[in-house]
Structure formats: C-alpha cells, structure tokens
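Report on the following structure.
Here is how names work: the chains are called A, B, and so on, in the same order as the sequence lines, proteins then strands, and each is numbered from 1.
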Amino acid sequence: MAELSFLTFRGNIIVALHGEMTDSSVRNFQSHLLEEIERIHARGLIIDISALEFVDSYMARVFVETAKMAQLMDTRTVLVGMKPEIAITLIQMGLSFEGVFSAVNLDRGLEILEKERARKRGRR
Amino acid sequence: MAVKQLDALGIKCPQPVLKIAAMLPDMKAGEILEVVADCPTFEKDVRNWCQRLKKTPLWFRDEGGGKVRCQIQF
Amino acid sequence: MSDKTNEKNKLETLEKRVQELEKENAGLKATLEQEAQEHEKVSMDLAIGLSEAFVVLQKISQGDFSVRASEDVENELLARLGVVINRTNDALSAAKAQTQNMIKELATPVIRVWDEVLVLPLIGTLDSQRAQHVMETLLERITKDGARIVILDITGVPYVDSLVAANIAQTMEAVKLVGAEGMLTGIRAQVAQTLVKMGVKITGVETKSNLAEGLKEAFRRLGVKAIQEKQPGD
C-alpha cells in the first residue's frame, strides 16, 4: 500500500484509500488515523474509499470500529464513495454500519460534518 | 411411452439412416423409435449411427426376405 | 496332325484370353467395391453430419443457445450448414438478450423527480432475481446522479415473500451505505404483515403511506417549498 497521507481541511481529516490493503496495513491505518485525530483535535473524519475496488469484511469492520473510536474522541466519521457492488456485498454479508455516516462524494461528506457540528452547537 | 414407427422399406442406404436422423427433432430423450428396412447394410449403418450420436440400439430382428426390424432408444 | 496342333494353339490362346479377362474382371470388381465403400463412407458421414445438425437445431429451438454446430468438417456442404446454423444461433441469442435487457430496464424505471431525488415505483410481483436487479440499478443511479433522497414506492407490489422482504431491507441499508437517504412508500397490508411476521427489520428508514407523502417529506428535508397558487374552485 502507498503511504498514507492525511489532509486537513477546516478541522477535518480527509484520507483517501487506494490500492490493495492487507490486514496489517488496515490495522496500521487505524492507529495512525487515531493518533492524527488526537494530534490535531479533529472535529470530523472523512475516509474516501471511492478508489477501492474491493472491501473485505475485515476492512469494513475496521472502518466501523475506527468510527466508534473516533466518536469517543468526539470526532464524527463519514465513509465516502462506496461503490454499489461493494455496498451490496457488505450488506449481504450481514455487516452493520450503525454509527457511521455515508456520503456519495467528498462534498456531501463535508456537508454532513458541517450539519453535525451545527446540531452539536444547537444542543449546547 | 409410445413407440414411434418408421417405415424405411424399399429405400437404399444411407436413406434409411437419413430418415432416422430426420426423426431427431421429434424424439425426446429416452423415447423409442422402431424402424423396419430392407437395405442390406441397414444394421451396420444403424449401429454406426447410434454409436456416433450416442443413442442406444435396443435390438435387431431378421424378419426374412431381407427385412430387418430394430428399435432405437433416443 | 497339323489340324490338331492348330486346335491346341487356339485353345491355349483362348485360355490365355480367359485368364486375362478374369484378371480384368477382378480389377473391375475391386474398383467397384472400393467405390461402393467410398460412397458408403460419404453417405454415412452425410447422415451423421445431418443428424448432428438436427440435434443442434433441436436444442436451439428449445432456447438453448450455448450449442455450436461444427464448422470444420471435411464435407464442404456440412461445413456450410454448420456456419449458417451458428450464425442463426448468434442472431437469435443476441435478440433474446436484447429483449431481456429491455424488460429489465422497463421493470426498474428509476425516475429523477427533482434535483437529487430519485423515485423507483415498483409494479407487479417481485422475485428475488428482480429484487437483486432493483438493488443494483438503484445504487448505480445514486452514485451516478449523486442523489440525496431515494423513494422506493411499492404501492404496485401486492405481496412479497420472505426472501424479497429481506432484499428490500438490504436495499434500503445499501442505499444508506452509498450515501443517500432511503424512504419506503406504499407498503400494502399484506406486505406489512410479511415484513413483521418474518422479522425483517427495516431500520433507520422512513416509511410513508404513499408516494405523495414521500415526496412532501423529501421536499421538506431539502427545504423545497411547493406552493399551490390557485385553490380548487377559485
């Protein structure tokens, strides 16, 4: 897997995944990502998987897990650009994506994070 | 299952075999065709044909006067 | 004496001639037999080639387009026949595939009723194959159009079996996963019964009684206002 690069945009971390990911590179991705969230106190996290041809159940579980971990650190996670065939496979495998937001593209992902932030402010 | 009849008397080989071939579209797998012919190479030709088309010749009977009767399972 | 010698000579010549004729006769017989054998072989090949063609045609007539007639046979006529049969087969199977595609497309009419709002009205019985196709088509369109809200209207679906019910639930989940909001409208009494009795959970999906209500909800979420300019009877 190519080296991960985290982009920071208005307090959000944006990371785009591509190429083939092994189980160890997926675990690596999780710990690096959480460290980065802690370092910059990210408010939102966008994982762009539109370039992934293939997402196995392990990867999917790690995504959901990462979102839950980020949630504990007060960071909302949006999965962006999941391909239809991947969505069908994961759903038919019976995986649950509760607590994870999804968006068609990056714009929508940022929109969701903005809305969530506004909601939080309103509650305060 | 009804046995279908085919009369190939008075015609020379390979015409009887061609007549059997022409029956193919009407025959379902497992159905039986009874043919009577008086061509001297009839039995040999039918056996040959059956082998190539993977059909089963059930029996041949010499009825005298050059007449041969046989049944083929499709 | 000379007469006798003469007779003997004549006899010898005749005997020789007979021998020659017999030889010639045997040669002719052999040629004839060879020709008969060749004739037999050709006609048998023809009979078997035709039989094979019949078998292929029979399968095609039963809708099996996977069969091929052999084209590289010695007999030119049979080879031509094979080519023509295969060509016909190709044309037929192409036509069939096209018709099936058309039916599929007609069966899943995804309509963009507003910017970022897709409606898929389903009509008729759903089998799991069609439900699967509905799921694929809908998700493709969401990704392509960047839809926000998707309304699956099943007013025209009188009943579903448990497999299809699960498939509908999965479709709504997959819609969420690719990044759109799903809405289910027009659930019939029978369908509602099946969904609950089979324990199919449709989580996080808004359900509305009919398509109009669904559209109103979609507009509300998008902040679109529909204004009626004239009251009926004005």
Below 4.5 Å, heavy atoms only, C-beta onward: do A/Arg108 and C/Arg148 meet side chain to side chain? yes
Could you look at A/Leu95 and say if it's the side chain, the backbone, both or neither that has a heavy atom under 4.5 Å from chain C? backbone
Is it the case that over 12 heavy atoms from other parts of the model lie below 6.0 angstrom from the CZ atom of C/Arg80? no
Does A/Arg10, at its CZ atom, have more than 12 non-hydrogen atoms belonging to other residues, nucleotides or ligands within less than 6.0 Å? no
Can you list the residues that meet the side chain to side chain contact (heavy atoms under 4.5 Å, CB included) rule with C/Asn210, with sequence neighbours excluded? C/Ala212, C/Glu213
Over 12 foreign heavy atoms within 6.0 Å of OH, C/Tyr159: no
Under 6.0 Å from the CG atom of A/Leu7, do we count more than 12 heavy atoms belonging to anything else shown? yes
Evaluate the side-chain proximity of C/Val178 to A/Val104: yes if any heavy-atom separation is below 4.5 Å, no if none is. no
With side-chain contact (heavy atoms from CB on, under 4.5 Å) as the test, pick out the partner of A/Ile88 among C/Glu173, C/Gln170, C/Glu136. C/Glu136
Which portion of C/Glu181 sits near chain A, non-hydrogen atoms under 4.5 angstrom: neither
Proximity breakdown for C/Ala147 and chain A, heavy-atom pairs closer than 4.5 Å: backbone
Nearest 0.5 Å, what's the CD1-CE distance between C/Ile142 and A/Met82? 12.5 Å
More than 12 heavy atoms of other groups within 6.0 Å of C/Glu76 CD: no
Is A/Glu111 atom CD crowded by more than 12 heavy atoms from other residues, nucleotides or ligands, each under 6.0 Å away? yes
If you draw a 6.0 Å radius around CD in A/Glu38, do more than 12 non-hydrogen atoms from other residues or ligands fall strictly inside? no
What heavy-atom pair brings C/Leu139 and A/Pro84 nearest, and what distance separates the two atoms? CB-CB, 3.5 Å
Do we see a donor-acceptor contact under 3.5 Å between the side chains of A/Gln92 and C/Gln132? yes
A side-chain contact here means heavy atoms from C-beta on lying under 4.5 Å apart; do C/Lys176 and A/Ser102 qualify? no
I need the A/Ile91 CD1 to C/Leu177 CG distance, nearest 0.5 Å. 5.0 Å
